[in-house]
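Below: the structure, in structure tokens.
This is a predicted model, so every value here is computed, not measured. Below, read A as the first sequence line, B as the second, and so on, with proteins coming before strands; counting in each chain starts at 1.
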Protein chains: 2
Amino acid sequence: MKRVAVVGYGNIGRYAVQAVEAAPDLELAGVVRRQVAGALPPELREVQVVDDIQKLGRVDAALLCVPSRTVPDKAREVLELGINTVDSFDIHGEDLLRYRKEIDITAKEHGAVAVIAAGWDPGTDSVVRALLELMAPKGITFTNFGPGMSMGHSVAAKAVPGVKDALSMTIPAGAGRHRRQVYVELEPGADFQTVEANILADPYFNKDETFVYQVSCIKDLQDVGHGVLMERVGTSGRTANQQFKWEMRINNPALTAQIMTAAARASFRRQPGAYTLLEIPLIDCFSDDLDELVMRLV
Amino acid sequence: MKRVAVVGYGNIGRYAVQAVEAAPDLELAGVVRRQVAGALPPELREVQVVDDIQKLGRVDAALLCVPSRTVPDKAREVLELGINTVDSFDIHGEDLLRYRKEIDITAKEHGAVAVIAAGWDPGTDSVVRALLELMAPKGITFTNFGPGMSMGHSVAAKAVPGVKDALSMTIPAGAGRHRRQVYVELEPGADFQTVEANILADPYFNKDETFVYQVSCIKDLQDVGHGVLMERVGTSGRTANQQFKWEMRINNPALTAQIMTAAARASFRRQPGAYTLLEIPLIDCFSDDLDELVMRLV
């Protein structure tokens with residue numbers, strides 16, 4: 001049985017523990033987090049919790065459930081031990097490309113596999129975008145996120161002076177455009193209109209229609225539900241008006257953790273190097289026998 | 001430039017010619033069909049049309065646009081020439097499994113690649129089924145087809161005595177169940193009620209709710225529009241109520257032909273053997289540079 005460690009115990013880490021425990025073919029090697037002393041959350045009582053992955057004995061793959069910005073360093077550190085990594089690095093574009101190149105070299109040097117950007121977007125949505133484009137090469141794919149909380153935008157709003165806590169909702173406005181609804185809990189004495197003006201001027205918000213609301217308690221608004229609607233109308237060969245839709249409404253960290261867990265399986269079947277989900281045959285994310293999978297899925 | 005031949009010139013073959021011609025990185029080697037003498041359809045005037053693929057010079061891959069039942073023999077014949085094949089073999093289950101095994105051996109013997117069952121179902125829908133299951137391993141996926149014409153059911157209705165021509169529509173009835181609406185044009189003197197009773201008793205129809213209608217001209221009813229709605233509500237880890245939907249409304253042969261064309265590209269990047277789309281990294285269906293694809297799709 002392959003042994004999988006969960007590195008980081010925030011939102012995604014919690015669900016990653018559940019996903020690994022629910023997988024009949026994987027064994028939870030343990031959880032790596034900074035805080036190991038003191039009272040552990042009750043669900044970790046039967047789990048080995050350490051501050052260094054090397055204390056977990058044999059580990060075949062590590063799910064890196066840490067903030068995207070710290071993923072590259074963490075991945076390097078784990079790969080250097082010859083342990084496969086899976087992450088849900090969620091910064092698209094140049095940053096991802098650079099990370100992919102660098103970590104590919106590290107992984108190859110240490111005979112390990114890194115599956116990167118293996119959440120839902122980037123991740124499974126990327127697979128859907130590829131499907132849409134290969135089915136109808138000409139056309140536009142619109143990815144509409146939400147309604148759901150945006151971590152990045154919430155953090156940006158929280159950084160504005162006078163804001164004690166903040167939550168930014170991404171509201172789909174159609175055709176790939178989004179509206180931001182930012183809920184703020186203010187520090188005593190802070191002026192709402194000043195806070196609002198600062199948020200509206202922030203580069204995270206100044207390109208989208210944005211509304212700011214003052215509330216008394218952010219915690220009461222928190223929900224990890226999220227969703228996406230991807231749409232494409234395109235041309236196959238010379239035939240126009242081919243219409244496609246992909247939609248989901250999901251618990252965000254639970255889905256991310258589940259996809260990462262499936263990607264860990266694929267890591268055991270690849271040659272050393274770094275891979276996005278697009279570069280992996282999906283069948284490698286399953287533990288069943290090939291014939292069984294062909295019968296069930298094809 | 002890779003040279004691709006289209007084998008068979010029925011519904012899918014016609015659209016396959018268009019899809020290959022529309023692909024900037026592929027060259028149409030020609031069309032293989034039985035009928036080469038006499039008047040060619042106008043769109044084939046500039047195309048090399050032969051009755052034997054060996055008359056086309058170098059061919060790197062052949063799109064087998066022939067009925068599913070004749071696909072295995074045709075694939076073997078082409079693979080034995082060392083030419084890659086792509087088909088949209090659409091019989092699920094044991095037949096597909098047997099075909100995959102046999103053709104895998106032939107392909108390996110001749111150093112060629114066969115991409116099989118590469119239409120939309122099986123094919124891209126199979127990829128979606130895999131995505132759904134890896135995202136929420138527990139749950140039921142419902143595949144609802146239509147409204148659209150079913151070739152298999154139309155042929156079965158046409159075989160009933162007294163039927164001159166027939167068309168069977170697949171109507172989605174929800175949760176993966178389907179209603180059949182069969183339109184028949186009768187031979188002179190045939191009795192509608194006898195025909196109706198025979199159709200209702202046919203194994204193709206006796207498990208589904210089926211309605212038979214008499215019409216004067218089947219040709220006036222024909223349209224190649226089709227669709228699918230796949231739905232899954234499932235559990236990721238221990239989190240229930242994860243909701244997913246995949247929907248499309250498409251020109252059926254145009255989509256099939258486009259997917260086969262994309263699969264031909266993947267055939268050039270695989271080791272000899274047989275592969276379903278699930279066993280191929282989707283990125284191999286594109287001709288663009290990896291960095292460009294990561295930027296655009298991931």
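- Every residue two or more places apart in sequence or in another chain was checked for a salt bridge (Lys or Arg N to Asp or Glu O under 4.0 Å) with A:D289, and none qualifies.
- Contact of B:L132 with chain A is made through the side chain alone, with heavy-atom distances under 4.5 Å.
- Your options are B:E94, B:M135, B:M230, and the one with the most heavy-atom pairs under 4.5 Å with chain A is B:M135.
- Counting heavy-atom pairs closer than 4.5 Å to chain B, the top-ranked of the candidates A:L297, A:I283, A:I250 is A:L297.
- Considering only heavy-atom pairs separated by less than 4.5 Å from chain B, the leading option among A:A117, A:A16, A:P137 is A:P137.
- Contact count versus chain B (heavy atoms, under 4.5 Å) is highest, among A:T235, A:T124, A:V20, for A:T124.
- Highest contact tally toward chain B, considering only A:L278, A:D125, A:L293, A:L131, is held by A:L278 [criterion: heavy-atom pairs under 4.5 Å].
- Screening residues 13-24 of chain A for side chain to side chain donor-acceptor pair (under 3.5 Å) gives A:Y15-A:N251 as the qualifying pairs, with residues at least two apart or on separate chains.
- By number of non-hydrogen pairs under 4.5 angstrom with chain A, the leading residue of B:R265, B:K101, B:M248, B:K138 is B:M248.
- Between the NE2 atom of A:H92 and the CZ atom of B:R296 there is a distance of 15.0 Å, given to the nearest 0.5 Å.
- Top candidate by heavy-atom pairs under 4.5 Å with chain A, chosen from B:L97, B:T239, B:V17, is B:L97.
- Counting heavy-atom pairs closer than 4.5 Å to chain B, the top-ranked of the candidates A:A262, A:G93, A:A130, A:G227 is A:A130.
- Using a 4.5 Å cut-off between heavy atoms, A:L96 contacts chain B through its side chain alone, with no backbone atom that close.
- Between B:L255 and A:Q242 there is a side-chain heavy-atom pair separated by less than 4.5 Å.
- Remark: side-chain polar atoms of A:Q243 are not paired, donor with acceptor, to backbone N or O of B:R249 under 3.5 angstrom.
- Only the side chain of A:D121 comes within contact range of chain B, judged by heavy atoms closer than 4.5 Å.
- When each of A:T143, A:V294, A:D284 is checked for heavy-atom pairs under 4.5 Å with chain B, A:V294 comes out on top.
- Using a 4.5 Å cut-off between heavy atoms, A:L229 does not touch chain B at all.
- At a 4.5 Å heavy-atom cutoff, the contact between A:T276 and chain B is made by side-chain atoms alone.
- How far CD of A:Q258 is from CZ of B:R238: 12.0 Å, rounded to the nearest 0.5 Å.
- Between B:F286 and A:E133, the closest side-chain pair of non-hydrogen atoms falls below 4.5 Å.
- The pair B:D291-A:R100 fails the salt-bridge criterion, with no side-chain N (NZ, NE, NH1 or NH2) lying under 4.0 Å from an Asp/Glu carboxylate O.
- Considering only heavy-atom pairs separated by less than 4.5 Å from chain A, the leading option among B:A22, B:A254, B:P122, B:A19 is B:A254.
- For the pair B:E247 (side chain) and A:K245 (backbone), a donor-acceptor distance under 3.5 Å is absent.
- No other option in B:L282, B:I259, B:L134 has as many heavy-atom pairs under 4.5 Å with chain A as B:L134.
- Proximity to chain B is absent for every atom of A:A257, based on heavy atoms less than 4.5 angstrom apart.
- Contact check for B:E279 versus A:L290: side-chain heavy atoms found under the 4.5 Å cut-off.
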